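Throughout, numbering of the chain's residues begins at 1 and tracks the sequence. Please read these numbers as outputs of a predicted model, since none were measured by experiment. In listed order, ligands and their atoms are each counted from 1.
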Amino acid sequence: MIHINENYQKLQASYLFANIAKRVREYQDENPGRELIRMGIGDVTQPLPEACVTAMHKAVDELTRAETFRGYGPEQGYDFLREAIAKHDFQARGADIAADEVFVSDGAKCDTGNIQELFAGDIRVAIPDPVYPVYVDTNVMAGRTGAPQDGRYPGLVYLECTPANGYVPALPTQPVDLIYLCFPNNPTGATITRAQLKTWVDYARTNKALILYDAAYEAFIRDPELPHSIYEIEGAQDVAIEFRSFSKTAGFTGVRCAYAVVPKRCMAYTTGGAAVSVRDLWSRRHTTKFNGVSYPVQRAAEAVFSPEGSRQVRGLIDHYLTNAAYVRQAFQRMGFECVGGDNSPYIWVRSERDSWGFFDFLLKEAGVVCTPGAGFGRCGENHIRISAFNSFENVQKAMQRIADALKK
Ligand SMILES: *Cc1c(COP(=O)(O)O)cnc(C)c1O
(Lines give C-alpha, C1' and ligand atoms only; values in the text may rest on other atoms or scores of the structure.)
Protein backbone atom coordinates (compact mmCIF):
# COMPACT_ATOMS: atom_id res chain seq x y z
CA MET A 1 0.00 0.00 0.00
CA ILE A 2 1.29 3.44 -0.87
CA HIS A 3 1.54 5.61 2.24
CA ILE A 4 1.60 9.38 2.29
CA ASN A 5 3.98 11.72 4.07
CA GLU A 6 1.65 12.33 7.01
CA ASN A 7 3.39 15.57 7.87
CA TYR A 8 1.34 17.09 5.05
CA GLN A 9 -1.79 16.46 7.11
CA LYS A 10 -0.47 18.77 9.82
CA LEU A 11 -0.52 21.72 7.42
CA GLN A 12 -3.17 24.31 8.17
CA ALA A 13 -5.15 25.22 5.09
CA SER A 14 -4.36 28.82 4.24
CA TYR A 15 -7.78 30.42 4.44
CA LEU A 16 -6.31 33.89 4.14
CA PHE A 17 -6.66 34.66 0.46
CA ALA A 18 -9.72 32.41 0.00
CA ASN A 19 -11.42 34.16 2.91
CA ILE A 20 -10.54 37.61 1.51
CA ALA A 21 -11.90 36.60 -1.91
CA LYS A 22 -15.13 35.30 -0.35
CA ARG A 23 -15.78 38.50 1.62
CA VAL A 24 -14.99 40.65 -1.43
CA ARG A 25 -17.36 38.56 -3.59
CA GLU A 26 -20.21 38.83 -1.08
CA TYR A 27 -19.73 42.57 -0.79
CA GLN A 28 -19.71 42.99 -4.57
CA ASP A 29 -22.87 40.90 -4.95
CA GLU A 30 -24.62 43.22 -2.50
CA ASN A 31 -23.10 46.40 -4.01
CA PRO A 32 -22.83 45.75 -7.75
CA GLY A 33 -22.08 49.38 -8.71
CA ARG A 34 -19.26 49.91 -6.19
CA GLU A 35 -15.73 49.94 -7.61
CA LEU A 36 -13.20 48.37 -5.21
CA ILE A 37 -9.56 49.42 -4.84
CA ARG A 38 -7.27 46.50 -4.13
CA MET A 39 -4.50 47.43 -1.70
CA GLY A 40 -3.77 43.86 -0.63
CA ILE A 41 -1.78 42.87 -3.69
CA GLY A 42 1.59 41.19 -3.06
CA ASP A 43 2.47 41.26 -6.75
CA VAL A 44 4.07 43.98 -8.86
CA THR A 45 1.88 45.98 -11.24
CA GLN A 46 4.35 47.88 -13.47
CA PRO A 47 5.63 46.34 -16.76
CA LEU A 48 9.19 45.01 -17.22
CA PRO A 49 12.06 47.50 -17.58
CA GLU A 50 12.87 48.22 -21.24
CA ALA A 51 16.50 47.07 -20.84
CA CYS A 52 15.33 43.63 -19.69
CA VAL A 53 12.87 43.27 -22.55
CA THR A 54 15.53 44.22 -25.13
CA ALA A 55 18.01 41.73 -23.64
CA MET A 56 15.38 38.98 -23.58
CA HIS A 57 14.41 39.59 -27.24
CA LYS A 58 18.05 39.46 -28.29
CA ALA A 59 18.57 36.20 -26.40
CA VAL A 60 15.51 34.63 -27.99
CA ASP A 61 16.90 35.60 -31.42
CA GLU A 62 20.17 33.86 -30.56
CA LEU A 63 18.22 30.67 -29.95
CA THR A 64 16.78 30.80 -33.47
CA ARG A 65 20.18 30.28 -35.18
CA ALA A 66 22.25 27.09 -35.04
CA GLU A 67 25.51 29.05 -34.48
CA THR A 68 24.19 30.82 -31.39
CA PHE A 69 21.70 28.23 -30.16
CA ARG A 70 22.06 27.06 -26.51
CA GLY A 71 20.50 24.03 -24.87
CA TYR A 72 21.02 23.12 -21.22
CA GLY A 73 23.04 25.73 -19.41
CA PRO A 74 24.95 25.31 -16.14
CA GLU A 75 22.48 24.38 -13.36
CA GLN A 76 23.91 27.06 -11.04
CA GLY A 77 23.41 29.80 -13.66
CA TYR A 78 25.54 31.25 -16.45
CA ASP A 79 28.81 32.84 -15.40
CA PHE A 80 27.80 36.17 -16.99
CA LEU A 81 24.90 36.48 -14.52
CA ARG A 82 26.68 35.05 -11.45
CA GLU A 83 29.59 37.44 -12.03
CA ALA A 84 27.30 40.46 -12.51
CA ILE A 85 25.46 39.60 -9.28
CA ALA A 86 28.65 39.12 -7.24
CA LYS A 87 30.12 42.37 -8.56
CA HIS A 88 27.11 44.73 -8.38
CA ASP A 89 25.05 43.36 -5.48
CA PHE A 90 27.92 42.44 -3.12
CA GLN A 91 31.47 43.51 -4.03
CA ALA A 92 30.23 47.06 -4.75
CA ARG A 93 28.96 47.17 -1.14
CA GLY A 94 32.16 45.85 0.35
CA ALA A 95 30.88 42.28 0.73
CA ASP A 96 33.45 39.86 -0.59
CA ILE A 97 31.17 37.40 -2.40
CA ALA A 98 32.49 35.43 -5.41
CA ALA A 99 30.52 34.33 -8.46
CA ASP A 100 30.85 30.66 -7.48
CA GLU A 101 28.99 31.37 -4.25
CA VAL A 102 25.92 32.54 -6.21
CA PHE A 103 23.27 29.99 -7.26
CA VAL A 104 20.73 31.25 -9.80
CA SER A 105 17.22 29.81 -9.52
CA ASP A 106 13.64 30.33 -10.64
CA GLY A 107 12.50 31.89 -7.38
CA ALA A 108 13.25 32.82 -3.79
CA LYS A 109 10.09 30.95 -2.83
CA CYS A 110 11.63 27.67 -4.03
CA ASP A 111 15.04 28.51 -2.56
CA THR A 112 13.73 29.47 0.89
CA GLY A 113 11.49 26.40 0.79
CA ASN A 114 14.13 23.93 -0.41
CA ILE A 115 17.10 24.99 1.71
CA GLN A 116 15.86 23.22 4.86
CA GLU A 117 16.45 19.85 3.12
CA LEU A 118 20.16 20.25 3.85
CA PHE A 119 19.69 20.08 7.61
CA ALA A 120 18.80 17.37 10.11
CA GLY A 121 15.22 16.55 11.04
CA ASP A 122 15.75 17.37 14.71
CA ILE A 123 17.30 20.85 14.44
CA ARG A 124 15.59 23.65 16.38
CA VAL A 125 14.04 26.18 13.99
CA ALA A 126 13.26 29.82 14.81
CA ILE A 127 10.68 31.58 12.64
CA PRO A 128 9.34 35.15 12.90
CA ASP A 129 5.68 35.88 13.67
CA PRO A 130 4.12 37.41 11.53
CA VAL A 131 5.78 35.59 8.65
CA TYR A 132 5.96 34.74 4.94
CA PRO A 133 4.26 31.28 5.24
CA VAL A 134 6.79 29.34 3.10
CA TYR A 135 9.33 29.10 5.95
CA VAL A 136 6.81 27.51 8.31
CA ASP A 137 5.05 25.14 5.91
CA THR A 138 8.22 23.64 4.43
CA ASN A 139 9.47 22.75 7.92
CA VAL A 140 6.09 21.20 8.72
CA MET A 141 6.27 19.11 5.52
CA ALA A 142 9.75 17.95 6.55
CA GLY A 143 8.41 16.71 9.90
CA ARG A 144 10.12 19.22 12.19
CA THR A 145 6.88 20.07 14.06
CA GLY A 146 3.89 18.54 15.77
CA ALA A 147 0.29 19.08 14.71
CA PRO A 148 -0.85 22.70 15.15
CA GLN A 149 -2.32 23.86 18.45
CA ASP A 150 -4.11 27.22 18.58
CA GLY A 151 -2.61 28.17 15.24
CA ARG A 152 1.00 27.45 16.24
CA TYR A 153 3.20 24.43 15.59
CA PRO A 154 4.82 22.76 18.60
CA GLY A 155 8.51 22.35 17.85
CA LEU A 156 9.01 25.76 16.24
CA VAL A 157 10.43 28.71 18.15
CA TYR A 158 8.38 31.80 17.29
CA LEU A 159 10.24 35.11 17.11
CA GLU A 160 7.57 37.66 17.97
CA CYS A 161 7.60 40.94 16.03
CA THR A 162 5.50 43.46 17.93
CA PRO A 163 5.13 47.22 18.43
CA ALA A 164 7.19 46.81 21.63
CA ASN A 165 10.28 45.63 19.74
CA GLY A 166 9.67 47.77 16.64
CA TYR A 167 8.84 44.57 14.70
CA VAL A 168 12.46 43.39 14.89
CA PRO A 169 12.54 40.22 16.98
CA ALA A 170 14.72 39.79 20.06
CA LEU A 171 17.25 36.95 20.23
CA PRO A 172 15.63 33.67 21.27
CA THR A 173 15.76 32.76 24.96
CA GLN A 174 16.08 29.06 24.14
CA PRO A 175 18.76 27.53 21.91
CA VAL A 176 18.02 27.42 18.16
CA ASP A 177 20.01 26.11 15.18
CA LEU A 178 18.29 27.57 12.10
CA ILE A 179 16.98 31.15 12.04
CA TYR A 180 14.79 32.73 9.37
CA LEU A 181 15.01 36.51 9.02
CA CYS A 182 13.47 38.72 6.30
CA PHE A 183 14.35 42.43 5.89
CA PRO A 184 12.84 44.65 4.58
CA ASN A 185 10.07 42.48 5.95
CA ASN A 186 7.01 40.99 4.35
CA PRO A 187 4.37 41.55 5.77
CA THR A 188 5.45 44.36 8.16
CA GLY A 189 7.74 46.47 5.99
CA ALA A 190 10.10 46.80 8.98
CA THR A 191 13.84 47.13 8.39
CA ILE A 192 16.81 46.05 10.49
CA THR A 193 19.80 48.21 11.43
CA ARG A 194 23.42 47.09 11.14
CA ALA A 195 23.73 46.94 14.94
CA GLN A 196 20.61 44.77 15.26
CA LEU A 197 21.71 42.46 12.47
CA LYS A 198 25.13 42.15 14.07
CA THR A 199 23.53 40.76 17.26
CA TRP A 200 22.01 37.96 15.15
CA VAL A 201 25.28 37.24 13.36
CA ASP A 202 27.11 37.16 16.70
CA TYR A 203 24.43 34.84 18.14
CA ALA A 204 24.79 32.47 15.18
CA ARG A 205 28.59 32.47 15.46
CA THR A 206 28.52 31.78 19.19
CA ASN A 207 25.94 29.01 18.89
CA LYS A 208 27.10 27.49 15.57
CA ALA A 209 23.64 28.31 14.23
CA LEU A 210 22.75 29.34 10.67
CA ILE A 211 20.77 32.39 9.50
CA LEU A 212 18.60 32.26 6.39
CA TYR A 213 18.35 35.91 5.33
CA ASP A 214 15.53 36.69 2.88
CA ALA A 215 16.34 40.00 1.19
CA ALA A 216 13.70 39.83 -1.55
CA TYR A 217 12.86 43.52 -0.94
CA GLU A 218 16.46 44.77 -0.81
CA ALA A 219 15.92 47.07 -3.82
CA PHE A 220 13.45 49.16 -1.79
CA ILE A 221 16.12 50.26 0.71
CA ARG A 222 16.85 53.97 0.32
CA ASP A 223 18.13 54.82 3.81
CA PRO A 224 21.95 54.84 3.43
CA GLU A 225 22.40 53.60 7.01
CA LEU A 226 20.54 50.32 6.44
CA PRO A 227 22.41 47.16 5.38
CA HIS A 228 21.43 45.80 1.94
CA SER A 229 23.08 42.44 2.52
CA ILE A 230 23.79 40.43 5.66
CA TYR A 231 27.36 40.07 4.31
CA GLU A 232 27.93 43.75 5.11
CA ILE A 233 28.13 42.49 8.71
CA GLU A 234 31.53 41.15 9.70
CA GLY A 235 31.62 37.40 10.16
CA ALA A 236 28.27 36.77 8.44
CA GLN A 237 29.85 34.66 5.70
CA ASP A 238 30.46 31.90 8.24
CA VAL A 239 26.86 31.71 9.40
CA ALA A 240 24.43 33.08 6.80
CA ILE A 241 22.78 32.26 3.52
CA GLU A 242 21.14 35.15 1.67
CA PHE A 243 18.19 34.95 -0.73
CA ARG A 244 17.48 37.57 -3.37
CA SER A 245 14.97 37.77 -6.19
CA PHE A 246 14.41 39.78 -9.36
CA SER A 247 10.65 39.49 -8.69
CA LYS A 248 10.03 42.63 -6.67
CA THR A 249 13.26 44.32 -7.85
CA ALA A 250 12.56 44.32 -11.57
CA GLY A 251 9.00 43.09 -11.98
CA PHE A 252 10.04 39.46 -12.63
CA THR A 253 7.21 37.80 -10.66
CA GLY A 254 5.97 36.21 -13.89
CA VAL A 255 9.38 35.94 -15.60
CA ARG A 256 10.99 34.00 -12.69
CA CYS A 257 14.61 34.56 -11.64
CA ALA A 258 16.22 34.69 -8.22
CA TYR A 259 19.39 33.56 -6.49
CA ALA A 260 20.81 32.21 -3.25
CA VAL A 261 24.25 33.14 -1.92
CA VAL A 262 26.03 30.40 0.01
CA PRO A 263 29.56 31.49 0.96
CA LYS A 264 32.36 28.92 0.94
CA ARG A 265 33.10 29.73 4.56
CA CYS A 266 29.56 28.80 5.65
CA MET A 267 29.61 25.56 7.68
CA ALA A 268 27.16 23.12 9.25
CA TYR A 269 28.12 20.12 11.34
CA THR A 270 27.80 16.32 11.43
CA THR A 271 26.51 14.73 14.64
CA GLY A 272 30.18 13.98 15.33
CA GLY A 273 30.92 17.72 15.16
CA ALA A 274 32.83 17.74 11.86
CA ALA A 275 32.36 20.91 9.80
CA VAL A 276 30.80 20.47 6.34
CA SER A 277 30.59 23.12 3.62
CA VAL A 278 26.97 24.21 3.21
CA ARG A 279 27.87 25.60 -0.21
CA ASP A 280 28.94 22.14 -1.38
CA LEU A 281 25.71 20.61 -0.04
CA TRP A 282 23.57 23.23 -1.77
CA SER A 283 25.54 22.86 -4.98
CA ARG A 284 24.94 19.11 -4.89
CA ARG A 285 21.23 19.56 -4.26
CA HIS A 286 20.76 22.32 -6.83
CA THR A 287 22.60 20.50 -9.62
CA THR A 288 20.76 17.25 -8.85
CA LYS A 289 17.22 18.63 -8.66
CA PHE A 290 17.29 21.73 -10.89
CA ASN A 291 18.26 22.24 -14.52
CA GLY A 292 18.78 25.96 -14.66
CA VAL A 293 16.85 29.13 -15.47
CA SER A 294 16.20 29.73 -19.18
CA TYR A 295 18.86 31.59 -21.14
CA PRO A 296 16.64 34.54 -22.22
CA VAL A 297 15.55 35.07 -18.61
CA GLN A 298 19.14 35.08 -17.35
CA ARG A 299 20.05 37.64 -20.04
CA ALA A 300 17.08 39.77 -18.94
CA ALA A 301 18.28 39.52 -15.32
CA GLU A 302 21.82 40.50 -16.35
CA ALA A 303 20.38 43.65 -17.97
CA VAL A 304 19.17 44.81 -14.55
CA PHE A 305 22.83 45.63 -13.81
CA SER A 306 23.47 47.63 -17.00
CA PRO A 307 23.49 51.44 -16.65
CA GLU A 308 20.07 51.76 -18.39
CA GLY A 309 18.69 48.74 -16.54
CA SER A 310 19.66 49.99 -13.11
CA ARG A 311 18.24 53.45 -13.91
CA GLN A 312 14.95 51.90 -15.06
CA VAL A 313 14.73 49.60 -12.04
CA ARG A 314 15.29 52.56 -9.76
CA GLY A 315 12.45 54.39 -11.51
CA LEU A 316 10.19 51.38 -11.06
CA ILE A 317 10.91 51.13 -7.35
CA ASP A 318 10.60 54.92 -6.94
CA HIS A 319 7.04 54.62 -8.25
CA TYR A 320 6.11 52.08 -5.57
CA LEU A 321 7.99 54.00 -2.86
CA THR A 322 6.09 57.18 -3.74
CA ASN A 323 2.85 55.24 -3.27
CA ALA A 324 4.13 53.69 -0.04
CA ALA A 325 5.13 57.05 1.46
CA TYR A 326 1.73 58.48 0.55
CA VAL A 327 -0.08 55.57 2.25
CA ARG A 328 2.04 55.75 5.36
CA GLN A 329 1.62 59.51 5.76
CA ALA A 330 -2.12 59.26 5.14
CA PHE A 331 -2.57 56.61 7.85
CA GLN A 332 -0.40 58.57 10.25
CA ARG A 333 -2.48 61.70 9.64
CA MET A 334 -5.57 59.61 10.44
CA GLY A 335 -3.97 58.80 13.79
CA PHE A 336 -2.68 55.28 13.19
CA GLU A 337 0.71 53.90 14.14
CA CYS A 338 2.50 52.41 11.14
CA VAL A 339 5.73 50.71 10.26
CA GLY A 340 7.18 50.17 6.78
CA GLY A 341 6.44 52.17 3.68
CA ASP A 342 9.75 54.04 3.60
CA ASN A 343 12.19 51.29 2.60
CA SER A 344 9.50 48.79 1.67
CA PRO A 345 6.38 48.47 -0.50
CA TYR A 346 4.34 47.36 2.54
CA ILE A 347 2.79 49.43 5.30
CA TRP A 348 1.79 47.62 8.50
CA VAL A 349 -0.98 49.56 10.18
CA ARG A 350 -1.84 49.01 13.81
CA SER A 351 -5.41 49.30 15.00
CA GLU A 352 -7.51 48.77 18.10
CA ARG A 353 -9.88 46.66 16.00
CA ASP A 354 -9.22 42.99 15.40
CA SER A 355 -7.61 42.58 12.00
CA TRP A 356 -10.62 40.96 10.24
CA GLY A 357 -12.89 43.62 11.74
CA PHE A 358 -10.65 46.34 10.31
CA PHE A 359 -10.58 44.49 6.98
CA ASP A 360 -14.42 44.42 6.91
CA PHE A 361 -14.64 48.10 7.87
CA LEU A 362 -12.32 49.15 5.03
CA LEU A 363 -14.14 46.91 2.57
CA LYS A 364 -17.67 47.99 3.47
CA GLU A 365 -17.16 51.62 4.39
CA ALA A 366 -14.35 52.59 1.99
CA GLY A 367 -14.44 49.97 -0.78
CA VAL A 368 -10.75 49.24 -0.12
CA VAL A 369 -9.32 45.71 0.09
CA CYS A 370 -6.34 45.16 2.42
CA THR A 371 -4.75 42.04 3.94
CA PRO A 372 -5.67 41.24 7.57
CA GLY A 373 -2.54 40.81 9.67
CA ALA A 374 -3.83 37.74 11.52
CA GLY A 375 -3.40 35.80 8.27
CA PHE A 376 0.40 36.05 8.74
CA GLY A 377 0.52 34.75 12.31
CA ARG A 378 -0.71 35.40 15.83
CA CYS A 379 1.31 38.62 16.17
CA GLY A 380 -0.44 39.98 13.06
CA GLU A 381 -3.62 40.46 15.11
CA ASN A 382 -4.65 44.14 15.38
CA HIS A 383 -2.77 44.95 12.19
CA ILE A 384 -3.45 45.15 8.47
CA ARG A 385 -1.00 45.11 5.58
CA ILE A 386 -1.41 47.72 2.85
CA SER A 387 0.58 47.21 -0.33
CA ALA A 388 1.97 49.96 -2.55
CA PHE A 389 1.80 47.81 -5.70
CA ASN A 390 -0.80 49.93 -7.50
CA SER A 391 -1.21 53.13 -9.52
CA PHE A 392 -0.72 56.46 -7.72
CA GLU A 393 -4.28 57.47 -8.69
CA ASN A 394 -5.73 54.41 -6.97
CA VAL A 395 -3.57 54.96 -3.90
CA GLN A 396 -4.77 58.58 -3.56
CA LYS A 397 -8.38 57.58 -4.09
CA ALA A 398 -8.14 54.74 -1.55
CA MET A 399 -6.65 56.97 1.15
CA GLN A 400 -9.32 59.64 0.59
CA ARG A 401 -12.06 57.03 0.89
CA ILE A 402 -10.59 55.67 4.12
CA ALA A 403 -10.30 59.18 5.60
CA ASP A 404 -13.95 59.87 4.67
CA ALA A 405 -15.11 56.55 6.13
CA LEU A 406 -13.39 57.25 9.45
CA LYS A 407 -15.08 60.67 9.71
CA LYS A 408 -18.56 59.16 9.32
C1 LIG B 1 7.87 37.89 -3.03
C2 LIG B 1 8.74 37.27 -2.02
C3 LIG B 1 9.79 36.42 -2.38
C4 LIG B 1 10.15 36.22 -3.82
O5 LIG B 1 9.64 35.09 -4.35
P6 LIG B 1 9.97 34.65 -5.85
O7 LIG B 1 9.71 33.19 -5.78
O8 LIG B 1 11.39 34.97 -6.15
O9 LIG B 1 9.01 35.38 -6.74
C10 LIG B 1 10.59 35.88 -1.38
N11 LIG B 1 10.39 36.17 -0.09
C12 LIG B 1 9.41 37.00 0.30
C13 LIG B 1 9.27 37.33 1.73
C14 LIG B 1 8.54 37.56 -0.65
O15 LIG B 1 7.56 38.38 -0.26
Short N-O contact, Arg194 and Glu232, less than 4.0 angstrom = yes

Kindly confirm or rule out an N or O of Thr253 lying under 3.5 angstrom from an N or O of ligand 1.
-> no

Please say whether Asp106 places an N or O atom under 3.5 Å from an N or O atom belonging to ligand 1.
-> no

Could you tell me whether Tyr217 and Tyr346 have their ring centroids closer than 6.0 angstrom?
-> yes

Phe361 vs Phe358 aromatic rings, parallel, tilted or perpendicular, using cut-offs 30° and 60°?
-> parallel

Find all atoms of ligand 1 within a distance of less than 4.0 Å from any non-hydrogen atom belonging to Lys109, and give their numbers and elements.
-> 5 (O), 6 (P), 7 (O)

Any idea which atoms of ligand 1 are less than 4.0 Å away from a heavy-atom of Asp214?
-> 10 (C), 11 (N), 12 (C), 13 (C)

Ligand 1 N/O within reach of Ser247 N/O, cut-off under 3.5 Å = yes

salt_bridge(Asp202, Lys198) N-O dist < 4.0 Å = yes

What closest approach, in Å, do Tyr153 and Ala147 show between heavy atoms, and which atom pair accounts for it?
-> CD2-C, 4.4 Å

N or O pair under 3.5 Å between Ser245 and ligand 1 | yes

Closest approach of any protein heavy atom to atom 15 (O) of ligand 1, naming residue and atom = Tyr217 OH, 2.6 Å

Pair Arg205 + Glu234: basic N to acidic O under 4.0 Å = no

Atom 7 (O) of ligand 1: nearest protein contact (heavy atom, Å) = Arg256 NH2, 2.7 Å

Which atom pair, heavy atoms only, marks the closest approach of Cys370 to Leu362?
-> SG-CD1, 4.0 Å

Is it true that Glu117 and Arg284 have a side-chain N and a carboxylate O under 4.0 angstrom from each other?
-> no

Take every heavy atom of Phe243, measure it against each atom of ligand 1, and state whether any distance is under 4.0 Å.
-> no

So which bit of Ala108 gets within less than 4.0 Å of ligand 1, heavy atoms only: side chain, backbone, both or neither?
-> both

For atom 2 (C) of ligand 1, what is the nearest protein heavy atom, given as residue, atom name and distance?
-> Lys248 NZ, 2.5 Å

